[in-house]
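This report refers to the structure that appears directly beneath it.
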Amino acid sequence: MRGDGETELAESTVGSGTERAESTVGPETERAESTMNSRTEPAGSTMNSRTEPAGSHVDSRMEPPESAAGPEWWARAVVYQVYVRSFADSDGDGVGDLAGVRSRLGYLELLGVDAVWLSPVYPSPGVDHGYDVSDPRDVDPLFGTLDDFDGLLADARRHGIRVIIDLVPNHTSDQHEWFRAAVSAAPGSPERARYHFRGGAAPPNNWQSVFGGPAWTRVAPDDEWYLHLFAPGQPDLNWAHAEVREDLEKTLRFWCDRGVDGVRIDVAHGLAKAEGLPDDRRQPGWTVLTEDAPDPRFDQDGVHEVHRLIRGVLDRYPGRMAIGEVIVRDDARWAAYVRPDELHLAFHFGLLNCAFAADEIRECIDRTLAAAGDTPAVWTIANHDNPHPVTRYGSLERARAMALVTLALPGSAYLYNGEELGLPDVDLPDSALQDPAWQLSDGVRRGRDGCRVPLPWEGEGPGYGFTTGEPWLPMPESYGELTAADQLEDPVSTLSLYRQALELRKEHPAFRGDEVEWFGAPEGCLAFRRVGTTLVCALNTSERPVPLPPGDVLLTSAPLEANGDLPPNTAAWLA
Ligand code: GLC
């Protein structure tokens, strides 16, 4: 488990999730009661069900972008996040690469995902493992070449898998040619105008970096300060500058012309800063998600111009999409990012911040759907910035149950590599830690390395089929019990559960309908149906078994009780 400091990091990535999750576990009787009584169905000791005829949705997966049949592919897609350096290493240097991803496309097809989202593979000094980009239109030799990228794209198509790349518009690396030119140029020069440079004896304002410490660093002892909301190696771009906007358009066209299907926008709530860079007047420790006063660093109105620009470019490439990492303080502001002329989708992160508590999960689902409105909702319980679900929820059973909840919901679902193997976080020794959020921290925070340990594919350590060399983060022996090869053979493995869930989600007619209808459920439980269909998902977060609603059981995250009841820490799909 992570220490308290995770909260500060979470501010940048998913809000104060960990802290909130830990502090709110446990019954919230009042809210639970009103929740259960708020539906027409009677609450009670069983979950109640109704049946309606199933529909006949046909998935639009891999249809040509021009196709008018059904919703766009991204509206219901299951997208698998490949953290490239941890996925598969083809050349034995201990770091995953594009050829490694290419070699495992068969696995991803077998798993049944519609698309992959690749973490950044651009040339980068790797201060933030690729989120510090020195050239957004090339590939770092560590990961391969542009030819490897094209080859991966072509192979992915053959496997029926679309490809989304990660764009990092808020900042560059300090090794980007623009920043290097800025450092060599004089204060007030045009070279410095693309970033936020300011003079003075003290930092220009009190802003804190998301990773810890002041958000300002001097380029040299007597020189100006520059702004970096993340690591010092990630200077923030000045989005008021025309060249910055033009360069992003060029980058988007570069990758769209190569054939990528979409872009994930890193820190989509960043980019624009409050006019005049005023001091942050909020309480120390307040996070972007939890307080009422605006954060001058994030979610400024000017950001929407950038998202309109992105949309303008993508609209010229039919079938392409943008999904934003959007972390803001209220749902109305969040919804602005997915207006019709802005991003197609945005992560809401509600579910990622929920404890394993039925009433809280239900509230998260309602909030996320309400915020999304007519836009497809995006569900995720894992990414490269947060502890794996097994660790966050406290057990594999709970993580498996939450996988079924997530995959039953309308909209699209984003999985994080290793989630399908039920990997727990690894408690790494200090000497192995690499995350800047750890390097810059006060020594209490553990950073995000624990969820980035490479995937065990098969065989023995130290590389477990991930690499023939030494993995960039040490893989524990316990990962040897969780290899993909072993799990493929085991019908009750977590991998088999995900495969079955994805297949049902794709093939079964009950998986349609964009709304959720709640059933009455005993305390600590929830059950919902996709409106207009027969699909019911039931979850038991309480400590005792409960009767299931009527219906044919399609899939459960653990065996049912002998009498057919749903055990604690378990979810079931019925139709
Ligand atoms: C996003 C990424 C995170 C990165 C940060 C700075 O939150 O998900 O990994 O550290 O942006 O680019």
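In listed order, ligands and their atoms are each counted from 1.
Residue contact check: D385 has heavy atoms under 4.0 Å from atoms 2 (C), 3 (C), 7 (O), 8 (O), 9 (O) of ligand 1. Applying the 4.0 Å criterion to heavy atoms of F211 picks out, from ligand 1, the atoms 10 (O).
With a heavy-atom cut-off of 4.0 Å, H269 does not touch ligand 1 at all. The part of H171 lying near ligand 1 is the side chain, judged by heavy-atom distances below 4.0 Å. With a 4.0 Å cut-off on non-hydrogen atoms, F347 does not touch ligand 1 at all.
H384 and N417 form no side-chain donor-acceptor contact under 3.5 Å, judged by distance and modelled atom types alone. Side chain to side chain, W216 and N205 meet the donor-acceptor criterion of an N or O pair below 3.5 Å. In this structure, a donor-acceptor pair under 3.5 Å is absent between the side chains of S124 and D140.
R448 counts as a contact of ligand 1, since one of its heavy atoms falls under 4.0 Å from the ligand.
Checked against ring pair (Phe, Tyr, Trp, His ring centres under 6.0 Å), Y479 has no partners two or more places apart in sequence or in another chain. Listed by chain and number, the residues in a salt bridge (Lys or Arg N to Asp or Glu O under 4.0 Å) with R192 are D223, E224 (sequence neighbours excluded).
With distances taken over non-hydrogen atoms, the option nearest atom 7 (O) of ligand 1 out of H129, H384, R452, E325 is E325. The heavy atom nearest to atom 4 (C) of ligand 1, out of those in N386, L229, D128, is found in D128.
Looking only at distances, no side-chain donor or acceptor of D261 sits under 3.5 Å from a matching main-chain atom of R162.
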